[in-house]
Amino acid sequence: MTRGLTSALAGLFVVATAAVAVAGPPDGTCKINVLADPGILFSLDEWQTDFCKTTVPLTEIRDGGPPRDGIPPIDSPVFEHVRDADKWLAPREPVIELTVGSVSRAYPLQILIWHEIVNDRIAGTPVAVTFCPLCYTALAFVRPMHSAAVLTFGTTGNLRHSDMVMWD
């Protein structure tokens with residue numbers, strides 16, 4: 001079996017559009033006091049976000065060890081031809097395969113296990129290809145626009161039910 005872009009997928013592969021769901025008190029007020037809520041087990045200090053807008057209870061998120069971007073994403077991936085990858089890829093090595101339009105790419109797990117997120121652009125479409133080694137799951141997202149810029153994703157260092165939590 002050849003590796004290339006037709007290699008078997010590793011883990012679950014889903015293409016989705018990232019979306020933000022907002023929930024909070026009906027009066028629009030929300031205060032989060034980490035000292036008053038011992039169930040919040042990760043630091044909110046370095047974040048510039050409204051933690052009142054969430055669909056996930058903050059008490060389900062845990063510090064996973066590394067700091068934010070302690071597992072650095074790949075923001076400018078470099079690709080090589082399959083014949084050149086034969087020098088460092090095993091014949092049956094797992095990859096995440098993504099095709100957008102007529103363009104296909106393979107993302108080897110031996111790289112994603114160390115970076116977990118690749119911010120890429122395929123056939124003009126901004127995508128985030130992700131792999132969580134703890135739950136052995138791969139997901140790909142179309143990266144949306146916000147304030148006239150394409151969102152870029154990274155790792156927070158936090159986990160929810162042992163799954164990677166990303167930031168944008």
Side-chain angles (χ1 to χ4, degrees), residues 1-20 41-49 55-56 60-168:
M1 174 183 213
T2 61
R3 275 186 305 281
L5 299 176
T6 58
S7 296
L9 297 178
L12 173 66
F13 181 71
V14 177
V15 176
T17 300
V20 177
L41 300 175
F42 69 102
S43 173
L44 305 177
D45 294 341
E46 63 186 83
W47 300 102
Q48 296 177 4
T49 192
T55 57
V56 173
E60 293 182 2
I61 298 174
R62 303 284 187 264
D63 183 335
R68 179 177 165 158
D69 288 329
I71 302 170
I74 297 174
D75 293 326
S76 299
V78 176
F79 294 90
E80 60 186 10
H81 194 276
V82 174
R83 73 176 164 267
D84 296 325
D86 281 343
K87 297 172 188 162
W88 56 274
L89 275 176
R92 294 186 45 95
E93 186 159 345
V95 300
I96 298 167
E97 178 185 2
L98 179 60
T99 300
V100 177
S102 62
V103 179
S104 295
R105 300 249 171 95
Y107 302 85
L109 290 195
Q110 71 167 273
I111 293 172
L112 277 172
I113 202 164
W114 296 104
H115 294 278
E116 297 187 5
I117 299 173
V118 178
N119 292 294
D120 199 1
R121 187 175 290 270
I122 304 175
T125 302
V127 297
V129 178
T130 70
F131 176 70
C132 178
L134 293 175
C135 62
Y136 209 72
T137 300
L139 297 170
F141 300 90
V142 173
R143 293 187 292 141
M145 299 280 293
H146 179 70
S147 300
V150 175
L151 294 180
T152 299
F153 291 88
T155 60
T156 64
N158 297 319
L159 303 170
R160 178 179 181 241
H161 303 304
S162 296
D163 298 329
M164 166 183 55
V165 176
M166 301 184 298
W167 64 265
D168 64 53

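Between Pro73 and Gly154 the shortest heavy-atom distance is CG-CA, 4.1 Å. Heavy atoms only, all atoms of each residue included: Val165 and Arg160 are closest at CG2-N, 3.7 Å. Minimum interatomic distance between Val103 and Ala123 (heavy atoms only, all atoms of both residues): CG2-CB, 4.0 Å. Looking at every heavy atom in both residues, Cys132 comes nearest to Ser162 through SG-O, 4.1 Å.
In this structure, CZ on Phe42 lies 9.5 Å from CG on Asp63, to the nearest 0.5 angstrom. Rounded to the nearest 0.5 Å, atoms CD1 (Ile111) and CD1 (Ile113) are 11.5 Å apart.
Legend: residues meeting side chain to side chain donor-acceptor pair (under 3.5 Å) with Asp75, ordered by chain and number and at least two apart, are Asn119. For Pro72, the side-chain contact (heavy atoms from CB on, under 4.5 Å) partners two or more places apart in sequence, or in a different chain, are His115. By the side chain to side chain donor-acceptor pair (under 3.5 Å) test, His161 is found to be paired with Glu60, residues two or more places apart in sequence or in another chain being considered. Residues satisfying the side-chain contact (heavy atoms from CB on, under 4.5 Å) test with Leu159, not counting sequence neighbours, are Leu134.
Between the side chain of Arg68 and the main chain of Thr156, no donor-acceptor pair closer than 3.5 Å is present. A donor-acceptor distance shorter than 3.5 angstrom exists from the side chain of Thr130 to the backbone of Leu139, with no hydrogens or angles considered.
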request  = Go through the steps for Trp167 and Asn158 under the test side chain to side chain contact (heavy atoms under 4.5 Å, CB included), then give the verdict.
outcome  = CA-CA 10 Å; Trp167 64 265; Asn158 297 319; over 6 Å; no
Side chain to side chain contact (heavy atoms under 4.5 Å, CB included) between Thr137 and Asp163, worked out = CA-CA 9 Å; Thr137 300; Asp163 298 329; over 6 Å; no
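Within the structure, salt bridge (Lys or Arg N to Asp or Glu O under 4.0 Å) pairs that include any residue of residues 116-129 comprise Arg105-Asp120 (at least two apart or interchain). Residue pairs meeting the ring pair (Phe, Tyr, Trp, His ring centres under 6.0 Å) criterion with at least one partner in residues 80-106, sequence neighbours excluded, are absent.
Contact check for Thr155 versus Pro66: no side-chain heavy atoms found under the 4.5 Å cut-off. Using a 4.5 Å heavy-atom cutoff, the side chains of Phe141 and Ile117 are not in contact. Contact check for Phe131 versus Ile96: side-chain heavy atoms found under the 4.5 Å cut-off. Side-chain contact check for Gln110 versus Leu89: some heavy-atom pair is nearer than 4.5 Å.
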